[in-house]
Amino acid sequence: MKARWDIFCSVVDNYGDIGVTWRLARQLVAEHACVVRLWVDDLRAFERMCPQIDVQLDQQWREGVEVRHWPADWQATDAADVVIAAFACQLPADYMEAMAERENIPLWMNLDYLSAEDWVVGCHGLPSVKFKGVQKYFFFPGFRPQTGGLLREAGLLEQRRAFQNDPQARQQFLQALGVFPVPGARLMSLFAYENAGLASWLDVLAADGRATHLLVPQGRILGDVQRWLGVDSLAVGAVHQRGALTVQVLPFVPQDQYDQLLWCCDFNAVRGEDSFVRAQWAGRPLLWHIYRQDEDIHLDKLDAFLTLYTEGLSPAAKVALVDLWQAWNADGDMTKSWKMLLEHWPEVTAHAEKWCLEQGLQADLATALVQFYVMSLGSEEPQ
Ligand code: TRH
């Protein structure tokens, strides 16, 4: 019999919570024949990346996933074989009772945030709290073999490469979005939180000898873009040119289209968690705007990733990349580091592909979760 999975997603803010759980749910159904219910407390955020979602429905099926609205007033329901609490969300008390009442105790996991820090390796798979005999486990995504890996659908890299080797497919995709870059222009995408350092970056792009076409999906950075352009409003479809820089506002596209957008670009500025991983699978150089946390603990995460990611780069290219990422995450001046990075463009571009291929050798996160479950069936302590 197929295993039944319940994934719980509480949308805290932004799109990462639903972005990750929706991706995981789809993959478990498509590649592992799991029966998946995805419980989401905010269907509006979900609708942005999956326009087929009907926000009025308590229950609907999308791409084989049973999407359930997670109501504040929980209705009794059977517990599944595998229960995933995404990003430490608190499960409904009645659901926890239902888990404890099952004859076969479910496997209960917390799907944690992504981090490249060393301690993740030691904590991945360890037992966490226990509720009436139901043990919860930590499940950490990560970049090293001893972690839970990264979300990566089967055939993703092959699909990406085929797309990138097909100029017509790229052109058609861009044209459908109303994007017509001038020949030879550097195409870049920008998805970020508010950032006071943006103006310095746009200044240097506008003054560059080579044209840049910057695509900005609707989102939090638009206010900074608008201020720099000095315009009253910035709606979807707006195109503005300043010197060598063309800025174009795109709609927030469905999740699969966002992948293609990343594949089209020569450079992607991304943020949070899921877009950050997708930009790595695009095999192109990237800039990460990390989600800010109290007491600047996000800066440790940033450094940990940079240490791993820059391995194998020449010292000069490494300095350029590290400086750029640190400036961006400190709302700092981007001028010097961007110019430095341009000097190492071929190297950082080749490096992005190499990093992607190396990461692609590891088991993907959905497969790792399924393996963890299968092992749990044979022992009381899955590890
Ligand atoms: O939206 P985010 O900032 O989410 C963040 C992070 O997950 C962070 O770790 C978490 O603590 C915080 O939320 C609460 O960035 P992220 O993770 O990249 O999620 C964005 C999602 O939106 C991702 O799945 C890609 C998707 N997306 C689209 O589908 N279409 C678009 O046009 C764009 C720009 C993004």
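Predicted model only: the values in this text are computed from it and were never measured. Remember, it's 1-based here, ligands and their atoms both numbered in the order they're listed.
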Next item on the list: Any chance you could pull the hydrophobic cluster mates of Val182, using side-chain heavy atoms under 4.5 angstrom and chaining through other members?
Entry: none
Notebook entry, point to check: Thinking salt bridges, do Glu273 and Arg23 make one under a 4.0 Å N-O criterion?
Noted result: no
Checklist line | Connected hydrophobic set around Val83, excluding itself, where side chains approach under 4.5 Å | finding: Phe8, Trp39, Trp70, Trp74, Leu91, Tyr95, Met96, Met99, Ile105, Trp108, Val129, Phe131, Val134
Note to self: If the criterion is any heavy atom closer than 4.0 Å to an atom of ligand 1, which residues make the list?
What the structure shows: Asp13, Asn14, Tyr15, Gly16, Asp17, Gly19, Met49, Tyr113, Phe191, Tyr193, Pro217, Phe252, Val253, Pro254, Gln255, Tyr258, Arg271, Gly272, Glu273, Asp274, Ser275, Tyr291
Notebook entry, point to check: Just wondering, are more than 12 heavy atoms of other shown residues or ligands nearer than 6.0 Å to CD in Gln168?
Noted result: no
Next item on the list: With sequence neighbours excluded, give me every ring-ring contact (aromatic ring centres under 6.0 Å, His included) pair touching residues 218-255.
Entry: Tyr15-Phe252
Check: Is Arg186 salt-bridged to Asp208, cutoff N-O under 4.0 Å?
Finding: yes
